[in-house]
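Here the structure comes first, spelled out in structure tokens, and everything after it is commentary.
Nothing fancy with the numbering, it's 1 onward along the sequence. Computed over heavy atoms, backbone and side chain alike; hydrogens, waters and symmetry mates excluded.
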Amino acid sequence: MRMRRRSMENHDSDGSGIDLAPMLDFVLNLLIFFIITAVFVKEIGITVSRPTSAAAEKKEGGSIIINIRASGEIYVGNRLVDLRAVRANIERLHAQKPEDAVVVLAEKEAPTGSLVQVIDQVRQGGVQNVSIAASAAAAGG
């Protein structure tokens with residue numbers, strides 16, 4: 001009886017198992033592929049930290065001021081304008097005073113998307129010197 005069991009055990013272990021080597025090679029290749037491609041995929045963008053300062057000071061002379069409120073309202077000078085009108089206003093003001101830079105005052109709670117769109121409109125309007133400054137509302141809050 002004992003000899004029968006040994007002969008059956010030897011027979012089962014001789015060649016009836018599944019060979020896992022090809023599957024492991026395939027999984028390893030997939031892992032290497034995803035590691036390599038993940039290294040080269042990088043987001044393109046800029047990091048903007050909107051400043052807040054208790055010592056923020058207004059410098060209106062020699063600058064075109066654009067205010068972005070927390071509600072998303074955009075003011076060029078003291079006039080409420082639509083986002084689509086920012087470029088035209090900047091072109092007009094820049095034609096009057098070409099040496100002036102543009103300063104964007106964004107409140108802390110203002111939408112970041114609005115800030116980026118305003119800066120884009122200003123640059124399309126022909127002004128490359130765009131600064132982001134702390135507003136008094138952001139400094140006080």
Please tabulate, for the side chains in residues 114-131, all donor-acceptor contacts under 3.5 angstrom to protein atoms that are two or more places apart in sequence or on a different chain.
unit_1	atom_1	unit_2	atom_2	d
D120	OD2	Q124	NE2	3.3

Quick one: [atom1] on [X] to [atom2] on [Y], what's the gap to the nearest 0.5 Å?
{"X": "N67", "Y": "L105", "atom1": "CG", "atom2": "CG", "result": "5.0 Å"}
{"X": "E107", "Y": "I68", "atom1": "CD", "atom2": "CD1", "result": "9.5 Å"}
{"X": "D19", "Y": "L24", "atom1": "CG", "atom2": "CG", "result": "9.0 Å"}
{"X": "E91", "Y": "Q96", "atom1": "CD", "atom2": "CD", "result": "12.5 Å"}
{"X": "R87", "Y": "R92", "atom1": "CZ", "atom2": "CZ", "result": "15.0 Å"}
{"X": "I65", "Y": "D100", "atom1": "CD1", "atom2": "CG", "result": "9.5 Å"}

Derivation of the side chain to side chain contact (heavy atoms under 4.5 Å, CB included) call for N29 and F33: CA-CA 6 Å; N29 284 333; F33 172 76; over 6 Å; no
List the atom pairs, with distances to 0.1 Å, where a side-chain N or O of residues 70-81 and a protein N or O form a donor-acceptor pair under 3.5 Å, not counting sequence neighbours.
unit_1	atom_1	unit_2	atom_2	d
E73	OE1	Y75	OH	3.4
R79	NH2	N89	OD1	3.4

Quick check on the hydrophobic clustering: are I36 and L28 connected, directly or via other members, by side-chain heavy-atom contacts under 4.5 Å?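 Looking at the clustering, L28 is in the same group as I36.
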Under the criterion side chain to side chain contact (heavy atoms under 4.5 Å, CB included), I'd like the reasoning laid out for I90 against I66: C-alpha separation, chi angles, the key distance, then a yes or no. CA-CA 10 Å; I90 293 300; I66 300 175; 3.7 Å; yes
